[in-house]
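The structure appears right after this line, and notes come after that.
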Amino acid sequence: MFLTESQRERYSRHIMLEEIGISGQEKLLSAKVLVIGAGGLGAPALMYLAAAGVGTLGIADDDVVELSNLQRQVIHGTTDLGSSKVESARAAVQRINPEVRVELYRERITADNIAGIIAGYDFVLDAVDNFSSKFLINDACVLAKKPFCHAGVRGFGGQILTFVPGQGPCCRCIFEEIPPEEGRWQKGILGTVPGVLGSMQALEAQKYLLGSGKLLTGRVLVFDGLRMKFREVEIPEKSEHCRVCGPGADITVLREEEYRREKTDKGEN
(Lines give C-alpha, C1' and ligand atoms only; values in the text may rest on other atoms or scores of the structure.)
Protein backbone atom coordinates (compact mmCIF):
# COMPACT_ATOMS: atom_id res chain seq x y z
CA MET A 1 0.00 0.00 0.00
CA PHE A 2 1.27 3.47 -0.91
CA LEU A 3 -0.01 6.63 0.74
CA THR A 4 -1.40 9.28 -1.58
CA GLU A 5 -0.35 12.89 -1.17
CA SER A 6 -3.67 13.73 0.48
CA GLN A 7 -3.25 10.82 2.90
CA ARG A 8 0.26 11.97 3.77
CA GLU A 9 -1.18 15.36 4.63
CA ARG A 10 -4.23 14.02 6.50
CA TYR A 11 -2.14 11.70 8.67
CA SER A 12 0.98 13.86 8.85
CA ARG A 13 0.89 14.12 12.66
CA HIS A 14 0.81 10.33 12.87
CA ILE A 15 3.64 9.96 10.40
CA MET A 16 5.81 12.30 12.47
CA LEU A 17 5.67 9.86 15.38
CA GLU A 18 8.54 7.40 15.56
CA GLU A 19 6.16 4.67 16.76
CA ILE A 20 3.94 5.07 13.67
CA GLY A 21 5.58 6.59 10.60
CA ILE A 22 4.41 5.68 7.12
CA SER A 23 4.50 1.93 7.76
CA GLY A 24 2.33 2.30 10.86
CA GLN A 25 -0.20 4.43 9.05
CA GLU A 26 -0.36 1.81 6.34
CA LYS A 27 -1.16 -0.76 9.03
CA LEU A 28 -4.05 1.38 10.25
CA LEU A 29 -5.36 1.89 6.72
CA SER A 30 -5.46 -1.86 6.12
CA ALA A 31 -6.98 -2.73 9.51
CA LYS A 32 -10.54 -3.70 10.40
CA VAL A 33 -12.08 -2.82 13.77
CA LEU A 34 -15.57 -3.76 14.94
CA VAL A 35 -17.36 -1.50 17.43
CA ILE A 36 -20.31 -3.20 19.09
CA GLY A 37 -22.53 -0.44 20.40
CA ALA A 38 -22.91 3.03 18.85
CA GLY A 39 -23.71 4.78 22.13
CA GLY A 40 -21.71 6.62 24.77
CA LEU A 41 -18.56 4.51 24.46
CA GLY A 42 -18.87 3.68 20.79
CA ALA A 43 -19.41 7.29 19.71
CA PRO A 44 -15.98 8.72 20.62
CA ALA A 45 -14.26 5.46 19.72
CA LEU A 46 -15.71 5.49 16.22
CA MET A 47 -14.90 9.16 15.69
CA TYR A 48 -11.27 8.77 16.69
CA LEU A 49 -10.80 5.51 14.78
CA ALA A 50 -12.23 7.17 11.67
CA ALA A 51 -10.01 10.21 12.10
CA ALA A 52 -7.00 7.90 12.57
CA GLY A 53 -7.64 6.25 9.22
CA VAL A 54 -8.57 2.75 10.31
CA GLY A 55 -9.50 1.32 6.93
CA THR A 56 -12.68 -0.57 7.81
CA LEU A 57 -15.02 0.10 10.71
CA GLY A 58 -17.84 -2.26 11.59
CA ILE A 59 -20.71 -0.80 13.61
CA ALA A 60 -23.20 -3.08 15.35
CA ASP A 61 -26.31 -1.73 17.10
CA ASP A 62 -30.03 -2.41 16.71
CA ASP A 63 -31.25 0.74 18.47
CA VAL A 64 -32.50 4.13 17.27
CA VAL A 65 -31.41 7.58 18.40
CA GLU A 66 -33.47 8.97 21.31
CA LEU A 67 -33.38 12.42 22.88
CA SER A 68 -31.91 11.10 26.14
CA ASN A 69 -28.94 9.70 24.18
CA LEU A 70 -27.69 13.09 23.07
CA GLN A 71 -26.26 14.08 26.46
CA ARG A 72 -23.37 11.63 25.91
CA GLN A 73 -23.61 9.88 22.52
CA VAL A 74 -21.79 12.62 20.62
CA ILE A 75 -21.75 10.88 17.25
CA HIS A 76 -25.52 11.58 16.99
CA GLY A 77 -27.34 14.90 16.82
CA THR A 78 -30.81 16.33 17.18
CA THR A 79 -31.56 15.84 13.49
CA ASP A 80 -30.84 12.11 13.91
CA LEU A 81 -33.69 11.50 16.38
CA GLY A 82 -35.61 8.39 15.39
CA SER A 83 -32.88 7.27 12.99
CA SER A 84 -31.00 4.01 13.21
CA LYS A 85 -27.88 4.49 15.33
CA VAL A 86 -25.72 2.59 12.86
CA GLU A 87 -26.88 4.79 9.99
CA SER A 88 -26.37 7.95 12.02
CA ALA A 89 -22.91 6.77 13.07
CA ARG A 90 -21.96 5.90 9.50
CA ALA A 91 -22.92 9.39 8.33
CA ALA A 92 -20.73 10.93 11.04
CA VAL A 93 -17.80 8.63 10.25
CA GLN A 94 -17.99 9.51 6.57
CA ARG A 95 -18.10 13.23 7.37
CA ILE A 96 -14.92 12.81 9.38
CA ASN A 97 -13.13 10.61 6.86
CA PRO A 98 -14.84 9.56 3.62
CA GLU A 99 -12.02 7.10 2.87
CA VAL A 100 -13.08 4.78 5.70
CA ARG A 101 -15.14 1.79 4.66
CA VAL A 102 -18.12 1.26 6.98
CA GLU A 103 -19.89 -2.07 7.50
CA LEU A 104 -23.21 -1.97 9.33
CA TYR A 105 -24.94 -4.58 11.47
CA ARG A 106 -28.35 -3.25 12.41
CA GLU A 107 -29.20 -6.21 14.55
CA ARG A 108 -29.03 -7.34 18.12
CA ILE A 109 -25.83 -9.23 18.84
CA THR A 110 -26.72 -12.77 19.93
CA ALA A 111 -25.04 -16.08 20.56
CA ASP A 112 -26.24 -17.16 17.12
CA ASN A 113 -24.74 -14.33 15.05
CA ILE A 114 -21.75 -12.92 16.93
CA ALA A 115 -19.16 -15.45 15.78
CA GLY A 116 -19.88 -14.71 12.13
CA ILE A 117 -19.79 -10.95 12.71
CA ILE A 118 -16.49 -10.77 14.60
CA ALA A 119 -14.70 -13.26 12.33
CA GLY A 120 -13.50 -10.75 9.74
CA TYR A 121 -12.13 -8.14 12.15
CA ASP A 122 -8.68 -7.61 13.62
CA PHE A 123 -9.92 -6.07 16.86
CA VAL A 124 -13.25 -5.68 18.67
CA LEU A 125 -14.51 -2.95 20.99
CA ASP A 126 -17.10 -3.84 23.62
CA ALA A 127 -19.09 -0.59 23.77
CA VAL A 128 -22.44 -2.04 24.83
CA ASP A 129 -24.61 -0.98 27.74
CA ASN A 130 -25.52 -4.19 29.56
CA PHE A 131 -23.72 -7.03 31.28
CA SER A 132 -25.27 -9.90 29.34
CA SER A 133 -23.97 -8.50 26.05
CA LYS A 134 -20.58 -7.78 27.59
CA PHE A 135 -20.23 -11.38 28.73
CA LEU A 136 -21.36 -12.60 25.31
CA ILE A 137 -18.73 -10.46 23.56
CA ASN A 138 -16.08 -11.68 25.98
CA ASP A 139 -16.92 -15.34 25.52
CA ALA A 140 -17.20 -15.08 21.73
CA CYS A 141 -13.85 -13.30 21.43
CA VAL A 142 -12.09 -15.72 23.78
CA LEU A 143 -13.41 -18.74 21.86
CA ALA A 144 -12.47 -17.16 18.54
CA LYS A 145 -9.07 -16.00 19.86
CA LYS A 146 -10.02 -12.45 18.92
CA PRO A 147 -8.45 -9.49 20.78
CA PHE A 148 -10.90 -6.99 22.22
CA CYS A 149 -11.16 -4.03 24.59
CA HIS A 150 -13.83 -3.90 27.28
CA ALA A 151 -15.04 -0.74 28.96
CA GLY A 152 -17.90 -0.10 31.33
CA VAL A 153 -19.17 3.14 32.81
CA ARG A 154 -21.51 4.20 35.58
CA GLY A 155 -22.14 7.55 37.21
CA PHE A 156 -18.84 9.42 37.34
CA GLY A 157 -16.50 6.53 36.61
CA GLY A 158 -15.76 3.26 34.90
CA GLN A 159 -13.12 0.73 34.00
CA ILE A 160 -11.27 -0.54 30.95
CA LEU A 161 -9.18 -3.60 30.10
CA THR A 162 -7.91 -5.31 26.98
CA PHE A 163 -7.84 -9.02 26.21
CA VAL A 164 -5.27 -10.50 23.86
CA PRO A 165 -5.18 -14.29 23.50
CA GLY A 166 -2.37 -15.74 25.59
CA GLN A 167 -1.65 -12.45 27.38
CA GLY A 168 -3.68 -12.41 30.58
CA PRO A 169 -7.20 -12.89 31.90
CA CYS A 170 -10.49 -12.27 30.15
CA CYS A 171 -13.44 -10.36 31.62
CA ARG A 172 -15.07 -13.53 32.91
CA CYS A 173 -11.88 -14.33 34.86
CA ILE A 174 -12.42 -11.06 36.72
CA PHE A 175 -16.19 -10.52 36.89
CA GLU A 176 -17.12 -14.24 36.82
CA GLU A 177 -20.89 -14.17 36.20
CA ILE A 178 -23.58 -11.83 34.89
CA PRO A 179 -24.95 -9.87 37.88
CA PRO A 180 -28.50 -11.04 38.69
CA GLU A 181 -29.81 -7.58 39.58
CA GLU A 182 -28.58 -5.50 36.67
CA GLY A 183 -31.98 -3.92 36.12
CA ARG A 184 -31.83 -2.26 39.56
CA TRP A 185 -28.83 -0.13 38.70
CA GLN A 186 -29.19 3.62 38.92
CA LYS A 187 -29.06 4.85 35.35
CA GLY A 188 -27.41 8.24 35.91
CA ILE A 189 -24.18 8.96 34.08
CA LEU A 190 -22.09 12.06 33.47
CA GLY A 191 -21.88 12.39 29.70
CA THR A 192 -18.16 13.05 29.52
CA VAL A 193 -17.26 9.81 31.34
CA PRO A 194 -17.98 7.46 28.40
CA GLY A 195 -16.17 10.03 26.26
CA VAL A 196 -13.02 9.44 28.31
CA LEU A 197 -13.32 5.64 28.35
CA GLY A 198 -14.42 5.33 24.71
CA SER A 199 -11.44 7.43 23.59
CA MET A 200 -9.18 5.13 25.57
CA GLN A 201 -10.72 2.12 23.85
CA ALA A 202 -9.83 3.68 20.49
CA LEU A 203 -6.29 4.21 21.77
CA GLU A 204 -5.99 0.56 22.83
CA ALA A 205 -7.20 -0.56 19.40
CA GLN A 206 -4.64 1.62 17.62
CA LYS A 207 -1.80 0.44 19.88
CA TYR A 208 -2.72 -3.17 19.16
CA LEU A 209 -2.88 -2.60 15.41
CA LEU A 210 0.43 -0.74 15.43
CA GLY A 211 2.16 -3.18 17.77
CA SER A 212 3.29 -0.22 19.89
CA GLY A 213 3.20 0.53 23.60
CA LYS A 214 1.82 -1.51 26.48
CA LEU A 215 -1.77 -2.67 26.33
CA LEU A 216 -4.12 -3.00 29.30
CA THR A 217 -3.67 -6.77 29.42
CA GLY A 218 -3.40 -8.37 32.83
CA ARG A 219 -4.60 -5.16 34.48
CA VAL A 220 -7.80 -3.20 34.89
CA LEU A 221 -7.64 0.59 34.76
CA VAL A 222 -10.31 2.10 37.00
CA PHE A 223 -11.34 5.72 36.41
CA ASP A 224 -12.92 7.97 39.04
CA GLY A 225 -13.97 11.12 37.22
CA LEU A 226 -15.41 12.83 40.28
CA ARG A 227 -12.01 12.81 41.98
CA MET A 228 -10.02 12.69 38.71
CA LYS A 229 -8.07 9.61 39.72
CA PHE A 230 -6.94 6.49 37.92
CA ARG A 231 -6.26 3.26 39.78
CA GLU A 232 -4.61 0.22 38.21
CA VAL A 233 -5.50 -3.25 39.43
CA GLU A 234 -3.08 -5.92 38.28
CA ILE A 235 -4.57 -9.33 37.50
CA PRO A 236 -1.73 -11.04 35.63
CA GLU A 237 -3.09 -14.58 35.60
CA LYS A 238 -6.32 -15.97 34.25
CA SER A 239 -8.63 -17.59 36.77
CA GLU A 240 -8.48 -21.34 37.19
CA HIS A 241 -12.24 -21.22 37.64
CA CYS A 242 -13.02 -19.19 34.50
CA ARG A 243 -15.86 -20.85 32.60
CA VAL A 244 -14.54 -19.86 29.19
CA CYS A 245 -10.73 -19.85 29.37
CA GLY A 246 -9.95 -21.84 32.55
CA PRO A 247 -8.75 -25.46 32.55
CA GLY A 248 -12.24 -26.71 33.39
CA ALA A 249 -14.12 -24.38 31.07
CA ASP A 250 -17.70 -25.46 30.41
CA ILE A 251 -18.49 -22.73 27.87
CA THR A 252 -17.11 -24.19 24.66
CA VAL A 253 -19.95 -23.12 22.38
CA LEU A 254 -22.22 -20.09 22.59
CA ARG A 255 -25.81 -20.67 23.71
CA GLU A 256 -28.31 -17.83 23.91
CA GLU A 257 -29.81 -18.95 27.22
CA GLU A 258 -26.44 -18.38 28.91
CA TYR A 259 -26.74 -14.63 28.33
CA ARG A 260 -30.44 -13.95 28.97
CA ARG A 261 -30.78 -15.04 32.58
CA GLU A 262 -31.34 -11.52 33.96
CA LYS A 263 -33.32 -8.56 32.74
CA THR A 264 -31.27 -6.61 30.23
CA ASP A 265 -31.46 -2.91 30.96
CA LYS A 266 -30.10 0.12 29.16
CA GLY A 267 -28.41 2.94 30.94
CA GLU A 268 -24.79 1.95 31.50
CA ASN A 269 -23.32 3.68 28.47
Side chain of Ser30, backbone of Lys27: donor and acceptor closer than 3.5 Å?
yes
State yes or no: do Val86 and Val54 share one hydrophobic cluster built from I, L, V, M, F, W and Y residues joined by side-chain heavy-atom distances below 4.5 Å, directly or via other members?
yes
Can you see which heavy atom on Ala45 is nearest to which on Gly198, and at what distance?
CB-O, 3.5 Å
What is the minimum heavy-atom distance between Ile59 and Ala38, and which atoms define it?
CG2-CB, 3.9 Å
Ionic contact status for Glu103 with Arg101, cut-off 4.0 Å
yes
In plain terms, say whether Arg243 and Glu177 are close enough for a salt bridge, that is, a side-chain N and a carboxylate O under 4.0 Å apart.
yes
Distance-only donor-acceptor hits, side chain of residues 227-236, under 3.5 Å, sequence neighbours excluded:
from	atom 1	to	atom 2	distance (Å)
Arg227	NH1	Asp224	OD2	3.1
Glu232	OE1	Arg219	NH1	2.7

If we ignore angles and hydrogens, is there a donor and acceptor under 3.5 Å between the side chains of Asp80 and Ser83?
no
Heavy atoms only: give me the nearest Val35-Ala127 pair and the separation to one decimal.
CG1-CB, 4.2 Å
Please check if the side chain of Lys134 supplies one atom and the backbone of Ala151 the other of a donor-acceptor pair under 3.5 Å.
yes
Using atom types as modelled and distance alone, determine if a side-chain donor or acceptor of Ser88 lies under 3.5 Å from a backbone N or O of Ser84.
no
Is there a continuous path of hydrophobic side-chain contacts, each under 4.5 Å between heavy atoms, that joins Phe131 to Ile114?
yes
Can a salt bridge be assigned to the pair Asp139 and Arg172 using a cut-off of 4.0 Å between side-chain N and carboxylate O?
yes
Test item: side-chain donor near acceptor, Gln25 and Gln7, under 3.5 Å
no
Step by step, work out the side-chain hydrogen bond (donor to acceptor under 3.5 Å, both in side chains) result for Gln159 and His150.
CA-CA 8 Å; Gln159 77 282 329; His150 153 86; 3.0 Å; yes
In the structure I gave you, are the side-chain heavy atoms of Ile189 and Pro194 within less than 4.5 Å of one another anywhere?
yes
Find the distance between CG (Leu209) and CG (Leu29) and round it off to the nearest 0.5 Å.
11.0 Å
Are Lys85 and Asp63 close enough for a salt bridge, meaning some N to O gap below 4.0 Å?
yes
Any Lys/Arg nitrogen of Arg106 or Asp62 sitting under 4.0 Å from an Asp/Glu carboxylate oxygen of the other?
no
One thing to verify: whether Arg255 and Glu258 come together as a salt bridge, which I'm taking to mean a side-chain N less than 4.0 angstrom from a carboxylate O.
no
Short question: side chain of Asn97, backbone of Gln94 - any donor-acceptor pair under 3.5 Å?
no
Establish whether Met47 and Val93 are linked, either directly or via other cluster members, by ILVMFWY side-chain heavy-atom contacts under 4.5 Å.
yes
I need the Tyr48 OH to Met200 CE distance, nearest 0.5 Å.
13.0 Å
Minimal non-hydrogen separation, His14 against Ile20, with atom names
O-CB, 3.4 Å
Kindly work out whether a path of hydrophobic side-chain contacts (I/L/V/M/F/W/Y, heavy atoms less than 4.5 Å apart) joins Val100 to Tyr208.
yes
Residues sharing Val65's hydrophobic cluster, by side-chain heavy-atom contacts under 4.5 Å among ILVMFWY, directly or via others?
Leu67, Leu70, Leu81
Flag the pair Tyr259 / Leu254 as yes when at least one side-chain heavy-atom distance between them is below 4.5 Å, and no otherwise.
yes
Point-to-point distance, once rounded to the nearest 0.5 Å, from CD1 of Ile118 to NZ of Lys32:
12.5 Å
Evaluate the side-chain proximity of Val193 to Val196: yes if any heavy-atom separation is below 4.5 Å, no if none is.
no
Phe223 and Leu216: same hydrophobic cluster, using ILVMFWY side-chain contacts below 4.5 Å?
yes
Is the shortest side-chain heavy-atom distance between Glu204 and Leu215 below 4.5 Å?
yes
Determine yes or no for a side-chain-to-main-chain donor-acceptor pair under 3.5 angstrom, with Asn113 supplying the side chain and Ala115 the backbone.
no
Quick check: closest heavy atoms across Cys170 and Asn138, and the distance to 0.1 Å?
CB-OD1, 3.3 Å
Quick one, Val33 and Val124 - any side-chain contact, counting heavy atoms below 4.5 Å?
no
Approximate separation, where rounding is to 0.5 Å, of Phe163 CZ and Cys171 SG:
9.0 Å
Below 4.5 Å, heavy atoms only, C-beta onward: do Leu46 and Leu57 meet side chain to side chain?
yes
Would you please test Arg72 and Val153 for side chain to side chain contact (heavy atoms under 4.5 Å, CB included) and show each step?
CA-CA 12 Å; Arg72 65 199 179 281; Val153 294; over 6 Å; no
Could you tell me if the side chain of Leu161 sits less than 4.5 Å from the side chain of Leu221, heavy atoms only?
no
Which distance, rounded to the nearest 0.5 Å, do you find between the CZ of Phe123 and the CD of Gln206?
10.5 Å
Of the non-hydrogen atoms in Ala60 and Ile109, which two are nearest, and what is the gap between them?
CB-CD1, 3.9 Å
Determine, step by step, whether Cys242 and Glu176 satisfy the side chain to side chain contact (heavy atoms under 4.5 Å, CB included) criterion, reporting the C-alpha distance in whole Å, the side-chain angles of both residues, the deciding distance to 0.1 Å, and the verdict.
CA-CA 7 Å; Cys242 180; Glu176 296 184 352; over 6 Å; no
Parallel, tilted or perpendicular: rings of Tyr121 and Tyr105 (30°, 60°)
perpendicular
Measure the CG-CG distance between Leu203 and Leu197 for me, rounded to the nearest 0.5 Å.
12.0 Å
Quick one: does Leu3's side chain get under 4.5 Å of Ile15's, heavy atoms only?
yes
